[in-house]
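Here is the structure we will look at.
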Protein chains: 2
Amino acid sequence: MKALHLEKIHPGLSIDCVVFGLHGDTLKVLILKLKKIDKWALPGGFVAATEAVDTEAARMLKDRTGLDHLFLQQFHLFGAVDRNKVSDIRNFVDQQIISAAEGEVLAQRFVTISYYAVVDYAKVQAPTPDYSSEFCEWCPLKELPSLIHDHREIIAKAYQVLKRDLNYQPIGYNLLPDKFTMPELQAVYETILEKKIDRRNFRRKMLSFDILIATDEVRTGGSHKAPILYKFDEQKYQAAMVGGLVSLW
Amino acid sequence: MKALHLEKIHPGLSIDCVVFGLHGDTLKVLILKLKKIDKWALPGGFVAATEAVDTEAARMLKDRTGLDHLFLQQFHLFGAVDRNKVSDIRNFVDQQIISAAEGEVLAQRFVTISYYAVVDYAKVQAPTPDYSSEFCEWCPLKELPSLIHDHREIIAKAYQVLKRDLNYQPIGYNLLPDKFTMPELQAVYETILEKKIDRRNFRRKMLSFDILIATDEVRTGGSHKAPILYKFDEQKYQAAMVGGLVSLW
DNA sequence: TCTTTATTGTGTCAATATGACGCAATTATA
DNA sequence: TATAATTGCGTCATATTGACACAATAAAGA
């Protein structure tokens, strides 16, 4: 959480990424263990003076996960005055957990623009910590440890927005493999929404959105009927991202 | 668009507000005519170092419109590198439209966090220009003049998000009077969506959301049957703001 | 090879929701 | 007192949804 090249950094602004990982039927969040402080943080960083904010968010995600071309959704700017909890930082300095200089940096006011992404846990070999962190961990959403600043609030908001977005946006592109089965897609929804959906009704509704193309292949391996592999109709998928899947009025 | 007290301002960050006004059946946007430059701008400003970003957005809206307690929706951070179009600014300086010092300020990189609000045009007596602008105007969404920076893009995005939000959020609170009729509420939707809705089906759906309470009063004055006055069930309205009106899954 | 098990694709059906519209009631005005 | 305008309430055919039945089939075990 320290600026590397302050002179080249857009001032007062940070980026935080909430990276959701689907691990079986559990939704996890990528967090980083800080080096000196006994707390965790979201992957994030600062914006180079010469780069667009969206570009920088994508770069950070790539640096941590190795993943590229992900769907990164900007969802909120957190701009409370004491969102970095200056009294906590003073305590860290008093207890000599961090140096006075480090405390000075951390006590500066930053507003943070937050992005979320949903990634395939299996595609991320080993998340890479940044200069300020020791190691990374995928943590179940329900078992978050003590987080620095307002990062717990950021994660809560990200999860709320993600669930809301499922009501009008498709999901799965660059998250599932190019070809995937209906049960695999359903698992994405069930994991995020923490809710069982009737598989026959799920199929019917999903197909009605007209964003899937059935291939002539199936996924073998299970000791049961081999499910059909689908792919996204990229055109219609993108159209649905903009125009929404359903409209009330 | 110039900082008043740079030393007390959070650096590199501005706020822009897209204030939609319902004027009969037309959706208008509040814009400010700049003093020296022959362009228009969104109401906005900078964030005091001692204030939350949301608070500052509300303050700006109150300064311009006199309106308080509005629903202000933060919707996007615009963070492109050249969103202030530095080449345009250099031209203004070259043509001596603005001073070199003013050009210097305008050419600095700022990211802007944008909010939208929908207000009752009739409640705003006379919008007040700020120090950088000559006068304000409610401009129909379809007839926007030349705007500074990326403000046209900001308005387009605001309108897109507003229409999207109507699909899962209620609208009308602090926009309509405390008591309002069903046709008045419907007009809000029709004006924003630019779409006629069957009044009988609108009523049925709106009532099904269970956020309205019928009073025992009616609105007289028209030469026709007096419509019933409704008010919002504030509890359920707020719940719908968080949880959404409908859910796909 | 022949079951068995697990899970998929397809389809049914009652209940509910939606879109399009009819009609009597009622308010101010002519 | 009639007229015009617009509202509240209701109908009906059609579409959508939720709950569930059943045959098909891929792999594993007997």
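Chain naming here is simple, since letters A, B, ... match the order of the sequence lines and numbering starts at 1 in each. Note that the structure is predicted; figures quoted are calculated from it, not measured.
Checked against the 6.0 Å centroid criterion, the rings of B:Y159 and B:Y116 do not qualify as a close aromatic pair. Centroid-to-centroid, the aromatic rings of A:Y168 and B:Y168 come within less than 6.0 Å.
The minimum heavy-atom distance between A:I197 and A:Q186, with the atom names listed, is O-NE2, 2.6 Å.
Side chain to side chain, B:S247 and A:N167 fail the donor-acceptor criterion of an N or O pair below 3.5 Å. Using modelled atom types and a 3.5 Å distance limit, the side chains of A:E234 and A:Y173 yield a donor-acceptor pair.
When each of B:L248 and B:R204 is assigned the nucleotide of DNA chain D bearing its nearest heavy atom, the one mapping closer to the 5' terminus is B:R204. Nearest-nucleotide positions on DNA chain C place B:S208 closer to the 5' end than the other of B:S208 and B:R199.
A salt bridge links B:D68 with B:K62: the distance from a Lys NZ or Arg NE/NH1/NH2 to an Asp or Glu carboxylate oxygen falls below 4.0 Å. B:K196 has a carboxylate O that lies under 4.0 Å from a charged side-chain N of B:E190, or vice versa, which qualifies the two as a salt bridge.
Taking every heavy atom of residues 221-233 of chain A and every atom of DNA chain D, pairs under 4.0 Å involve A:G221, A:G222, A:S223, A:H224, A:K225, A:A226, by number. Less than 4.0 Å separates DNA chain D from at least one heavy atom of each of the following residues of residues 176-190 of chain B: B:P183.
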For residues 213-220 of chain A, please give each side-chain donor-acceptor pair under 3.5 Å, one per line with the distance, not counting sequence neighbours.
unit_1	atom_1	unit_2	atom_2	d
A:T215	OG1	A:E217	N	3.2
A:T215	OG1	A:L229	O	2.7
A:E217	OE2	A:K179	NZ	2.4
A:R219	NH1	A:E184	OE1	2.9
A:R219	NH1	A:E184	OE2	2.2

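With D:dC12, C:dT8, C:dG11 as the choices, the nucleotide that has an atom nearest any side-chain atom of A:R200 turns out to be C:dG11.
Taking atom NZ of residue A:K195 and atom C1' of nucleotide D:dG18, one finds them 12 Å apart after rounding to whole Å. Atom-to-atom, CH2 of B:W249 to C1' of D:dT17 comes out at 12 Å; the value is rounded to the nearest Å. Distance, B:I197 CD1 to C:dC21 P: 16 Å, rounded to whole Å. Here D:dT11 presents its C1' atom at 13 Å from CG of B:D198, a figure rounded to the nearest Å. The distance from atom CE of B:M206 to atom P of C:dT18 is 13 Å, rounded to the nearest whole Å. B:N201 has its CG atom 13 Å from the C1' atom of C:dG22, to the nearest Å. Rounded to a whole Å, the CZ atom of A:R219 is 13 Å from the P atom of D:dA27. Atom CZ of B:F209 and atom C1' of C:dT18 are 12 Å apart (whole Å).
Note on ring orientation: taking the six-membered ring where Trp is involved, the planes of A:F202 and B:W249 are tilted (angle from 30° to 60°).
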